[in-house]
Amino acid sequence: MPEDWDRIDALIFSEHLIQALRAIRDQCGPIPLPDAIDVLNERFVHLRDTRPDEFTVSLDGYGDGFYS
């Protein structure tokens, strides 16, 4: 797990998902992309539970227009 969440959290809040995945992989070492996605999802859920007011879009609208 990453030690420094500040940068990753900022990317999650601003919906920069690819950059957040890249930052997670930079922090965790060369982990497989599916593992990085799991870490991102866990952090997203944690942030939604603990800091919901910092998101600029609703849960339903988060990630709209993102296609992988």
Peer 1: Compare every heavy atom of Ile12 with every heavy atom of Arg43, then report the nearest pair and how far apart it is.
Peer 2: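 What the structure gives for the nearest pair is CG-CD1, 3.8 Å.
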Peer 1: Hey, does Leu47 have a side-chain heavy atom less than 4.5 Å from the side chain of Glu54?
Peer 2: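 Glu54 vs Leu47: side chains apart.
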Peer 1: Between CG of Asp26 and CG of Asp4, what distance do you get to the nearest 0.5 Å?
Peer 2: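 Answer rounded to 0.5 Å: 11.5 Å.
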Peer 1: How long is the gap from CD1 on Ile8 to CD1 on Ile24, to the nearest 0.5 Å?
Peer 2: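 Ile8 CD1 to Ile24 CD1: 5.0 Å, rounded to 0.5 Å.
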Peer 1: For residues Leu40 and Ala20, report the shortest heavy-atom separation together with the two atoms involved.
Peer 2: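 Residues Leu40 and Ala20, closest heavy atoms: CD1-CB, 4.0 Å.
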Peer 1: Taking all atoms of both residues into account, what is the closest heavy-atom pair of Ala23 and Leu11, and its distance?
Peer 2: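 Looking at all heavy atoms of both residues, the shortest contact is CB-CD1, 4.1 Å.
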Peer 1: For Arg25, is the CZ atom crowded, meaning more than 12 foreign heavy atoms sit under 6.0 Å from it?
Peer 2: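 Yes, because the 6.0 Å sphere around CZ of Arg25 holds more than 12 heavy atoms from other groups.
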Peer 1: Under 4.0 Å between a Lys/Arg side-chain N and an Asp/Glu carboxylate O for Asp9 and Arg51?
Peer 2: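 So Asp9 pairs with Arg51 through a salt bridge.
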Peer 1: Less than 4.5 Å apart, any side-chain heavy atom of Phe44 and any of Phe55?
Peer 2: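 Yes, close enough: below the 4.5 Å cut-off.
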Peer 1: Nearest 0.5 Å please: distance from the CZ atom of Arg22 over to the CG atom of Leu17.
Peer 2: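 Interatomic distance, Arg22 CZ to Leu17 CG, rounded to 0.5 Å: 12.0 Å.
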